[in-house]
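Report on one structure; see the data block that follows.
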Amino acid sequence: MTQNVAPIPFLDLKAQQARIAADLRRRIDAVLAHCQFILGPEVTELENELARFCGASHCVSISSGTDALQIALMAEGIGRGDAVFLPAFTYTATAEVPLVLGATPVFVDVDPATFQIDPAALEARIAAVKAAGKLRPRALIGVDLFGQPADWPALNAIAAAHGLFTLDDCAQSFGARHHGRPLGSAADATATSFFPSKPLGAYGDGGALFTESAERAALYRSLRTHGEGTTRYEVLRTGMNGRLDSLQAAVLLSKLTVFPEELAAREAIAAHYDRRLGNAVTIPARVPDSTSAWAIYAILLKPGTRDAVQATLKEAGVPSAIYYPRPLHRQPAYRDHHDGAALPVSDDLAERILALPIHPDLDPAQLDRICDAVLAAVG
Ligand SMILES: *Cc1c(COP(=O)(O)O)cnc(C)c1O
């Protein structure tokens, strides 16, 4: 493999910007003209468009995905003494939020094929927490990992049996569908993120909450503005500064116009990877009856080979990334909150997983170069 070709970017936001340049400029100019930078008209328009896109009754835009998760738990009054069940194999924010509120994350193992939180493991962890008698089981944060949906029918049944509030951490998977319906109303509340590298990304931080409950939506609106009441200087509860700004909403409205075709482009890239790499590495198993937003396309390598494979890819100008090199129960900040239960699947995935570039502007020549390099590296 020669080094005289330019490295492929892991994510190419410049190419995407060029595709939407005129529309983006028009929307940004409109914000600069009206100067309502926080909760301006673009924010309301975006909330309406997002709710329509995913078929949810209510959308409340938030300053980030992390803040959206936090506001959803604050609205339920979750705090000290409460157990919040969540997968061990996810981004750090999922576990950080219950801890910030004084609650305890209870890490649950994931499915070895789909990487999604394992419903049977969840049942066992709830039983263990109940038996120990120290924490009150209160909530489940199910994560739709890498673009695919978690097994919400099974998770909801377990949550209902134990009276848990269900929060869908859909930060990576907005735009995915499950049993024919877009994600957004699979749980009591759904949080998503518009961090620039997510499938629908802003040009800064952003997020949103979706719910079917008018009461919850009203609480989310109050909490994102310092707990305000019906008049601006009436403070009903302790909230936070969790608002989305109009420039981010303008960018997202522009990106939403091309989002469906981008999802289709990501799907085609995933299918191409499957065809070319399926005999050489473990390709991602699909959650039945679903479509993925393909935030991440992750392969599994043979134990002990990842460092060498990654180095060989790098030499060929092919970037790769590790989501996640350490499961959350092994993070210094969280391990003291872990009860010591074994989470072998999360441990194994952390050793063997490798993410390949997947974004709508990856061209066929780049895609073939990536596949050639992976085949040579694992050969
Ligand atoms: C990105 C992400 C978040 C946090 O979203 P931010 O907008 O970056 O705060 C939360 N959960 C998961 C699973 C994520 O991937």
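In this chain, residues are counted from 1 in sequence order. Numbering of ligands and ligand atoms starts at 1, following listing order.
- Distances between N or O atoms of Tyr324 and those of ligand 1 include no value under 3.5 Å.
- Heavy atoms of other residues, nucleotides or ligands lying less than 6.0 angstrom from CZ of Arg237 number more than 12.
- At a cut-off of 3.5 Å, with distance as the only test, no side-chain donor of Gln148 or Ser292 sits close to an acceptor on the other residue.
- Using a 4.0 Å cut-off to heavy atoms of Ala171, the atoms of ligand 1 that qualify are 2 (C), 3 (C), 10 (C), 11 (N), 12 (C), 14 (C), 15 (O).
- The proximity of Leu145 to ligand 1, defined as any non-hydrogen pair under 4.0 Å, does not occur for either the backbone or the side chain.
- With hydrogens and angles left out, the side-chain atoms of His272 and Asp368 include a donor and acceptor closer than 3.5 Å.
- Rounded to the nearest 0.5 Å, atoms CG (Leu155) and CG (Leu122) are 6.5 Å apart.
- With 3.5 Å as the limit, one finds no donor-acceptor pair spanning the side chains of Glu42 and Gln36.
- Scanning the protein for heavy atoms near atom 14 (C) of ligand 1, the closest one is Lys198 NZ, 3.0 Å.
- Residue Asp169 touches ligand 1 through its side chain alone, judged by heavy-atom distances below 4.0 Å.
- With rounding to the nearest 0.5 Å, the separation of CG in Asp274 from CD1 in Ile283 is 4.0 Å.
- Heavy-atom proximity to Gly206, at under 4.0 Å, picks out these atoms of ligand 1: 7 (O).
- Not one N or O of Thr90 is nearer than 3.5 Å to an N or O of ligand 1, by distance alone.
- At under 3.5 Å, not a single nitrogen or oxygen of Asp67, backbone or side chain, sits near a nitrogen or oxygen of ligand 1.
- Note: Phe174 and Phe259 have parallel aromatic rings, judged against thresholds of 30 and 60 degrees for the angle between ring planes.
- Less than 4.0 angstrom separates some heavy atom of Ala93 from each of these atoms of ligand 1: 4 (C), 10 (C).
- A donor-acceptor contact closer than 3.5 angstrom links the side chains of Ser320 and Gln310.
- With ligand atoms numbered from 1 in the order given, ligand 1 contributes 5 (O), 6 (P), 7 (O), 9 (O) to contacts under 4.0 Å with heavy atoms of Gly65.
- Annotation: Val143 places no N or O atom under 3.5 Å from an N or O atom of ligand 1; distance criterion only.
- Nearest non-hydrogen protein atom to atom 7 (O) of ligand 1 is Ser193 OG, 2.6 Å.
- Residues Ser185 and Arg181 have side chains that bring a donor and an acceptor to within less than 3.5 angstrom of each other.
- At under 3.5 Å, not a single nitrogen or oxygen of Tyr91, backbone or side chain, sits near a nitrogen or oxygen of ligand 1.
- The protein heavy atom nearest to atom 9 (O) of ligand 1 is Thr66 OG1, 2.5 Å.
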